[in-house]
Amino acid sequence: MEIKLIEAQIEAILFTIGEAVELERIAGAIDHDEETTRKLIHNMMDRYEEEERGIHIIELDGAFQLCTKSEMYETIIKITHIPKKHVLTDVLLETLSIIAYKQPITKLQIEQIRGVKSDHAVNKLVEYNLICELGRMDVPGRPILFGTTEEFLRSFGLQSLDALPIVNPEKVEDFKLEAEEEMQLKLDI
Amino acid sequence: MEIKLIEAQIEAILFTIGEAVELERIAGAIDHDEETTRKLIHNMMDRYEEEERGIHIIELDGAFQLCTKSEMYETIIKITHIPKKHVLTDVLLETLSIIAYKQPITKLQIEQIRGVKSDHAVNKLVEYNLICELGRMDVPGRPILFGTTEEFLRSFGLQSLDALPIVNPEKVEDFKLEAEEEMQLKLDI
Amino acid sequence: MSISVKLEAFEGPLDLLLHLIDKNKVNIYDIPIVVITEQYLDYIKQMETKNLEIMSEFLVMAATLVNIKSKMLLPAPETEEEEVVDPRQELVERLLEYKMYKYISEELKDKQMDASRALYKTPSIPQEIADYREDVNVEELLGDLTLARLHDIFKSIVKKQADKIDPIRSKFGKIEKEDVNLTAKFTQVQEYGLKYRRFSFRNLLEAQMSKMEVIVTFLSILELIKIGRIQIEQEGLFDDIIITYLADDIVQMEEASF
């Protein structure tokens with residue numbers, strides 16, 4: 001049953017690395033000479049074809065790589081195009097409201113208000129095109145400043161940030177300065 | 001040989017995406033209903049095991065992912081560097097256990113069980129993507145409710161939360177007996 | 001009786017208690033509360049943590065232990081219907097629950113070890129497919145969310161944040177750890193007794209500066225009762241307790257069983 005095991009090892013190696021792996025390296029890992037290793041891999045290649053699998057091994061200049069068969073292309077396009085369901089969860093709503101009324105704001109400042117790490121929520125909101133990067137704050141580390149998108153304003157029938165109860169465009173600069181001062185203060189301590 | 005083709009498509013999808021793919025999306029891509037798709041995948045899972053392959057399909061809360069079998073680990077690390085996962089301290093593991101079993105749970109409830117402030121542990125677990133916010137509890141103060149993530153299931157090799165180790169009443173009895181034996185030991189001296 | 005434990009090696013009060021119970025090889029359902037309380041206090045005395053938060057967590061448990069200890073020293077109230085609840089019961093339940101989670105976390109640790117040997121593949125989605133990004137329909141996503149509702153959410157968060165700032169504590173400047181010396185306090189209480197002979201328990205406690213001092217004073221009183229150096233009287237429930245100092249001298253800590 002030795003061969004079965006070696007083949008499993010080769011499959012696992014090619015799978016994990018994902019790129020082309022030189023015959024030499026594979027041989028070293030499974031502790032066999034290159035000639036034997038090559039034969040084993042060629043056997044495996046034949047089997048992958050016979051069994052009409054979705055993936056196969058290709059040989060590239062003495063290296064081997066596991067990849068999907070070209071016939072599978074259509075199916076793969078299909079799955080990446082299946083729309084995912086997007087929902088505004090409580091977490092997202094909360095984060096969005098903070099960004100809407102405190103923009104421009106850094107992730108750290110959001111986290112200070114919410115009391116928890118908020119990377120996930122911020123990333124999702126960017127993905128949903130509700131918020132975007134406005135620039136970077138001029139403090140060490142140059143953290144990204146986030147604000148709402150035009151799309152967001154449009155959806156609420158707002159012409160500009162003016163219409164948001166607290167924030168207006170002139171104030172944005174003030175906020176930014178204020179925030180920078182605060183940040184500086186913190187760093188000084 | 002319709003089935004062969006569909007299985008090949010599923011394999012190709014899982015291989016390409018690399019991450020856990022929801023049953024729903026797979027079903028959509030291969031144009032079959034979810035029940036049929038699930039059966040097909042379960043069949044494939046069995047075959048991967050039977051054929052002693054190097055990779056297999058794992059199930060994570062209704063999503064499926066391809067990964068190497070753990071027996072392959074030694075061989076793979078011979079030729080490639082595997083980035084170390086976060087090492088969880090006892091404090092983090094303890095907090096995570098409580099969240100896993102008691103979810104959804106607030107930070108305060110965790111602290112009541114542990115008897116210590118747990119902000120740091122909770123934040124670290126959020127950062128490691130092992131837990132996430134589930135929403136807020138509908139009580140004054142609206143505290144955040146936490147629960148485990150898909151990454152948690154993957155990191156601990158659990159198919160779903162049902163697969164969490166069970167602490168049966170006998171185990172509790174064992175604790176008691178243990179304690180009593182220790183007591184006896186003392187009396188005998 | 002000093003126990004040598006690695007300082008600050010414990011995750012919290014429950015962890016320390018379990019350690020002491022283990023170390024003394026006693027039954028968790030029948031904790032010798034006097035012994036454990038003494039060792040517990042001894043431990044936190046050695047704790048050199050400057051972290052007030054950690055210290056206070058340990059002190060809360062100390063207070064619980066002293067409370068249980070005092071309940072156990074008092075004669076059980078004679079009630080016929082009600083079953084007398086062991087004052088330790090609640091603590092035992094907490095300890096068992098905590099112990100259970102410690103056990104589970106060990107199990108999970110093993111599972112993680114096994115699971116970490118499975119390796120995954122990075123996505124290899126062809127570039128032209130990866131470049132495709134479906135447009136998110138913002139309007140649909142926002143649904144019937146109104147600006148007013150968004151503002152409400154924001155206000156509630158700001159309010160919540162304001163609530164978090166404790167008006168009393170935020171006025172504190174610096175809080176320093178004070179040293180309460182058990183040996184010294186034990187002697188001090190006796191000196192007090194020798195001077196006043198008959199005195200009010202309440203007055204004695206009121207003369208203490210801090211919670212820790214109150215705890216240690218209370219412990220000293222319990223100890224003095226135990227070794228028969230004082231006598232106490234109480235007229236009615238919740239009345240002040242009158243203490244009579246019986247001895248004519250002062251014993252040192254080492255002679256007592258602390």
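A, B, ... follow the sequence lines: proteins, then strands. Residue 1 opens every chain.
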(message) I'd like to verify something: which residue of B:Arg114, B:Met72, B:Gln112 has the highest number of heavy-atom pairs under 4.5 Å with chain C?
(response) B:Arg114
(message) Distance check, rounded to the nearest 0.5 Å: C:Glu57 atom CD versus B:Glu111 atom CD?
(response) 7.5 Å
(message) Does any backbone or side-chain atom of B:Ile58 lie under 4.5 Å from a heavy atom of chain C? Answer side chain, backbone, both or neither.
(response) side chain
(request) Verify the distance criterion only: is there a donor paired with an acceptor across the side chains of B:Glu94 and C:Tyr98 at less than 3.5 Å? (result) yes
(request) Rounded to the nearest 0.5 Å, what's the gap from CG on B:Leu164 to CG on C:Leu108? Could you check? (result) 6.5 Å
(message) Under 4.5 Å from any heavy atom of chain C, what part of B:Glu71 do you find: side chain, backbone, both or neither?
(response) neither
(message) Can you confirm whether B:Glu74 sits close enough to C:Arg117 that some side-chain heavy atom of one is under 4.5 Å from a side-chain heavy atom of the other?
(response) yes
(message) Does atom CG (B:Asp138) have a neighbourhood of more than 12 heavy atoms from anything else shown, all under 6.0 Å?
(response) no
(message) For B:Gln103, I'd like to know if atom CD has over 12 heavy atoms of other residues, nucleotides or ligands within 6.0 Å.
(response) yes
(message) With chain C as the partner, which of B:Lys69, B:His56, B:Lys102, B:Glu19 has the greatest number of non-hydrogen pairs under 4.5 Å?
(response) B:Lys102
(message) Around atom NE2 of B:His120, are there more than 12 heavy atoms from other residues, nucleotides or ligands closer than 6.0 Å?
(response) no
(message) As an exercise, state the distance from CG of B:Asp90 to OG of C:Ser105, rounded to the nearest 0.5 Å.
(response) 6.5 Å
(request) Let me know if B:Arg142 has heavy atoms under 4.5 Å from chain C in its side chain, its backbone, both or neither. (result) backbone
(message) Heavy-atom cut-off 4.5 Å, strictly under: side chain, backbone, both or neither for B:Ile55 against chain C?
(response) neither
(message) Can you tell me which of B:Ala100, B:Gly157, B:Ser70 forms the most heavy-atom pairs within a distance under 4.5 Å of chain C?
(response) B:Ser70
(request) Report yes if the side chains of B:Phe15 and C:Ser124 come closer than 4.5 Å at any heavy-atom pair, otherwise no. (result) yes
(request) Using non-hydrogen atoms and a 4.5 Å limit, figure out which bit of B:Ile113 sits close to chain C: side chain, backbone, both or neither. (result) both
(request) Apply side chain to side chain contact (heavy atoms under 4.5 Å, CB included) to the pair C:Lys121 and B:Leu66, showing each step before the final yes or no. (result) CA-CA 8 Å; C:Lys121 176 184 155 293; B:Leu66 263 180; over 6 Å; no
(request) Find the distance between CG (B:Leu88) and CD (C:Gln112) and round it off to the nearest 0.5 Å. (result) 4.5 Å
(message) Tell me whether the count of non-hydrogen atoms from other residues, nucleotides or ligands lying under 6.0 Å of NZ in B:Lys78 goes above 12.
(response) yes
(request) Starting at OG of B:Ser97, measure out to NZ of C:Lys109 and round the result to the nearest 0.5 Å. (result) 10.5 Å
(request) Give the minimum heavy-atom separation between B:Gly115 and C:Leu14, together with the two atoms involved. (result) N-CD1, 4.1 Å
(request) Kindly give the heavy-atom pair with the smallest separation between C:Ser116 and B:Tyr73, and that separation in Å. (result) O-CE1, 3.9 Å
(request) Output the option from C:Met61, C:Glu107, C:Glu97 having the highest count of non-hydrogen pairs under 4.5 Å with chain B. (result) C:Glu97
(message) Measuring from atom CD1 of C:Ile157 to atom CZ of B:Arg136, what distance do you get when rounded to the nearest 0.5 angstrom?
(response) 6.5 Å
